[in-house]
Amino acid sequence: MSKKRLFLLSFRVLIVLVSSFFVFAATMTEDFIVVAHSSVQVSSLGLDEFHQMIFANKKTWPDGSKVVIILLSSSVPGADSLIEKAMKMTALQARKFYLSKVFNGILSASPTLGDSVEEVVELVSKTKGAMAVVPVGTVTGTAKVLQIEK
Amino acid sequence: MLRTNQGYFLIFLIEFFIGLFFSPSKVLAFDGENFVTLKGFSDIGYVGEQAGGTNQFRLGNFDLLFSKEVDSKVSFLAELCFEPEYQSGINQIQSDLERIYIQYDIDPWVKFALGKFHTQLGYWNETFHHGAYLHTTVARPQMLAFEDHGGLLPIHSIGFEIRGNGLVGHSNLGYNIGLSNGRGSQKDQLPIFSDANREKAFSGLIFYEVGIGMRLGSSFYFGPLPGGASLSGNSLGFTSAPKGRETIFGVHLVYSSSSVEFLSETWSMKHTYSDPFPDSNILLFYSQLGYHIELLTPYLRYELNLLDQPDAYLGAGNASANPLTGNTRIYIAGVRYELSQWSALKVEGDWRQVDGLSGIWTGYGNWSFTF
């Protein structure tokens with residue numbers, strides 16, 4: 001195959017795939033809630049902004065404080081599906097994703113893990129700038145519940 | 001409490017090995033408030049090669065990553081890699097400081113870093129680094145192999161970077177621009193301390209993540225090929241390294257979901273030389289598709305290296321590190337199994353066809369892990 005034909009073929013494949021990208025739309029389910037430390041000065045986040053934070057693309061809150069992501073450990077029943085709903089990837093992929101972020105120098109460490117929903121809420125309540133995804137119906141205590149706007 | 005430098009060093013050594021072998025936290029503590037994060041990768045495998053008719057158990061890299069947020073604005077990262085090699089009939093382990101940089105975050109859109117990096121050439125080179133566990137396959141694409149292992153692209157750079165990212169529209173837009181020493185006189189010799197000329201390489205990357213798991217990007221690299229070094233026994237018969245300029249343009253497309261992983265990158269590389277070396281144009285392309293079935297991921301990869309003639313720079317130097325003598329097609333099939341949370345087993349076979357030569361196969365079994 002000539003170089004020119006290969007370029008044209010590659011270009012066509014790219015066009016088809018790029019077009020399919022724009023058909024894709026991230027959706028938010030009602031299967032989880034987002035909690036944050038009480039000092040966080042926002043009460044709601046846009047869906048895109050939430051994704052920026054959970055994917056470590058945005059690392060600070062509007063007041064400049066650092067976003068600290070806390071996740072539910074995979075050993076807890078239901079934790080994997082919670083991550084899948086929030087991040088659209090499996091728990092295994094999420095672990096590798098954050099590990100990759102550490103190796104890229106984007107994160108200094110992988111997210112802290114809680115061994116139960118209660119522990120996650122407690123960690124969020126105690127850690128300035130913390131944010132976590134927990135199941136609907138979780139008793140959130142002093143942690144602040146953030147509304148996610150579509 | 002020990003307060004001398006020797007004391008800190010002793011504590012460091014003790015906690016380093018405790019952290020390395022016993023602690024799940026992977027944090028080295030110097031004192032109550034000062035922490036260095038340690039992560040590591042390694043892999044061990046078995047390789048059967050038609051070329052040479054050998055088969056062997058093989059140690060992979062042992063890679064240590066140190067990172068630290070010095071304060072809210074300044075952070076550093078260092079990656080130290082121990083690489084088992086076989087060169088000139090000798091088995092040996094080389095240590096290499098693969099990356100080291102210090103970074104100052106002005107804001108999310110402007111982060112300034114100085115040190116040794118992975119060159120901003122697409123997706124794979126910036127994402128997977130030296131940890132075999134992170135990528136689905138056993139090996140990197142040949143074009144992205146490291147400089148001293150037959151790689152074709154300039155994988156590492158020494159200089160500075162300005163990078164940033166932020167929400168544009170509904171998704172993340174990022175960029176990375178760098179100025180560096182560029183390549184060495186031979187492609188497996190990186191100018192980490194002394195540059196061979198006064199010219200610098202200019203490179204950059206821009207990418208946009210559409211939705212979740214999808215990324216489209218483009219990269220460029222303009223740099224000198226310094227020439228000058230005398231050669232002996234190179235595959236093309238030159239007696240000195242060629243001098244010229246290198247221009248690279250690349251695009252990449254990545255899609256990753258809970259069931260599918262698709263990576264595709266292509267680069268157009270042009271080498272323009274002073275006489276008597278002929279200019280060359282090289283096209284590099286790979287595409288990789290994986291499908292996740294629970295803990296199992298079967299995958300395929302196709303690699304293509306097209307060149308209009310043997311390249312003077314890539315063909316110079318150590319013949320074993322310069323495999324690009326003709327158009328090359330590599331077909332790879334394999335399967336990855338997630339053995340545990342932080343380790344994976346991979347079985348892979350590749351068929352390599354160079355124009356004018358018989359195709360050869362290589363089989364791999366590999367156990368990679370992170371800690």
Side-chain angles (χ1 to χ4, degrees), chain A residues 1-4 6-7 9-11 13-18 20-27 46-49 51-60 64-66 73-75 80 83-84 86-97 99-110, chain B residues 26-27 35 37 39 41 65 67-69 72 75-77 79 99 101 103 105 107-108 113 126-131 133-134 165-167 169-172 174 209-214 216 251 253 255-259 261-262 264 266 268 281 283 285 287 292 295 304 306 308 338 341-342 370:
Chain A
M1 186 182 288
S2 72
K3 191 175 165 183
K4 187 177 177 183
L6 186 77
F7 259 131
L9 182 63
S10 304
F11 186 70
V13 171
L14 282 174
I15 291 292
V16 170
L17 288 166
V18 169
S20 67
F21 281 5
F22 290 96
V23 175
F24 179 90
T27 57
L47 179 60
D48 297 331
E49 202 173 10
H51 285 149
Q52 287 285 90
M53 287 180 170
I54 198 81
F55 288 112
N57 291 324
K58 183 175 181 182
K59 298 196 296 178
T60 55
S65 61
K66 184 180 164 187
S73 168
S74 277
S75 60
D80 288 2
I83 288 173
E84 198 158 347
M87 299 181 70
K88 310 295 180 198
M89 61 175 70
T90 64
L92 178 69
Q93 288 173 314
R95 283 199 298 271
K96 284 167 65 179
F97 172 82
L99 189 63
S100 175
K101 291 283 183 185
V102 172
F103 257 64
N104 282 328
I106 293 167
L107 289 175
S108 60
S110 292
Chain B
K26 303 153 195 94
V27 170
F35 296 96
T37 300
K39 291 278 186 185
F41 286 101
L65 181 118
S67 62
K68 160 115 182 101
E69 288 189 354
S72 63
S75 59
F76 94 87
L77 180 148
E79 186 177 7
R99 285 185 296 163
Y101 63 78
Q103 176 173 304
D105 293 12
D107 69 37
E126 283 234 309
T127 306
F128 295 127
H129 305 283
H130 297 260
Y133 170 79
L134 283 175
N165 70 282
L167 189 64
H170 293 287
S171 289
N172 185 46
E209 294 169 345
V210 185
I212 298 174
M214 300 176 240
L216 180 65
V251 293
L253 183 63
Y255 173 70
S256 179
S257 73
S258 56
S259 56
E261 175 194 65
F262 175 75
S264 189
T266 186
S268 172
N281 293 285
L283 177 73
F285 171 82
S287 210
H292 307 301
L295 299 176
L304 178 67
L306 286 178
D308 56 1
E338 307 298 336
Q341 284 208 10
W342 299 111
T370 182

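Given the structure is predicted, the values throughout are model-derived calculations rather than measurements. So you know, we letter chains A, B, ... as the sequences are listed, proteins then strands, and number each from 1.
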(request) Please state whether the side chain, the backbone, both or neither of A:Lys66 comes within less than 4.5 Å of a heavy atom of chain B. (result) side chain
(message) Checking B:Glu338 now: which residues fulfil salt bridge (Lys or Arg N to Asp or Glu O under 4.0 Å) with it, not counting sequence neighbours?
(response) B:Arg336
(request) May I ask you to test the A:Met89-B:Ser256 pair for a side-chain heavy-atom distance under 4.5 Å? (result) no
(request) Quick one: closest heavy-atom pair of B:Asn165 and A:Asn57, and the distance? (result) ND2-O, 2.8 Å
(request) To the nearest 0.5 angstrom, please state how far the CZ atom of B:Arg99 sits from the CG atom of A:Asn104. (result) 6.5 Å
(message) Less than 4.5 Å apart, side chain to side chain, heavy atoms only: is that true for A:Met87 and B:Ile212?
(response) no
(message) Run the ring-ring contact (aromatic ring centres under 6.0 Å, His included) test on A:Phe103 and B:Phe128 for me, step by step, so that the C-alpha distance in whole Å, both residues' side-chain angles and the decisive distance to 0.1 Å come before the verdict.
(response) CA-CA 8 Å; A:Phe103 257 64; B:Phe128 295 127; over 10 Å; no
(request) Ignoring hydrogens and angles, tell me if any N or O in the side chain of A:Ser108 forms a donor-acceptor pair with the backbone of B:Lys68 under 3.5 Å. (result) no
(message) Shorter than 4.5 Å, heavy atoms on both sides: which option in A:Val102, A:Leu107, A:Leu92, A:Thr60 has the most such pairs with chain B?
(response) A:Leu92
(message) Holding to salt bridge (Lys or Arg N to Asp or Glu O under 4.0 Å), I want the full list of residues that pass it with A:Lys58, two or more places apart in sequence or in another chain.
(response) A:Glu49
(message) Heavy-atom cut-off 4.5 Å, strictly under: side chain, backbone, both or neither for B:Phe76 against chain A?
(response) neither
(message) Given heavy-atom pairs under 4.5 angstrom as the criterion, report whether the side chain, backbone, both or neither of B:Ser257 touches chain A.
(response) backbone
(message) Heavy-atom cut-off 4.5 Å, strictly under: side chain, backbone, both or neither for B:Leu77 against chain A?
(response) side chain
(message) Side chains of A:Gln93 and B:His292, heavy atoms from C-beta outward: is any pair under 4.5 Å?
(response) yes
(message) To the closest 0.5 Å, what do you measure between CG (B:Leu167) and CE (A:Met53)?
(response) 10.5 Å
(message) Contact between B:Ser258 and A:Lys88 at the side-chain level, heavy atoms closer than 4.5 Å - yes or no?
(response) no
(message) Within the structure provided, determine whether B:Ser171 and A:His51 are in side-chain contact (heavy-atom separation under 4.5 Å).
(response) no
(request) For chain A, find which of B:Asp107, B:Leu65, B:Asp105, B:Leu295 contributes the most heavy-atom pairs closer than 4.5 angstrom. (result) B:Leu65
(request) Heavy-atom distances under 4.5 Å only: say whether A:Phe55 touches chain B with side chain, backbone, both or neither. (result) side chain
(request) Evaluate the side-chain proximity of A:Ser74 to B:Gln341: yes if any heavy-atom separation is below 4.5 Å, no if none is. (result) yes
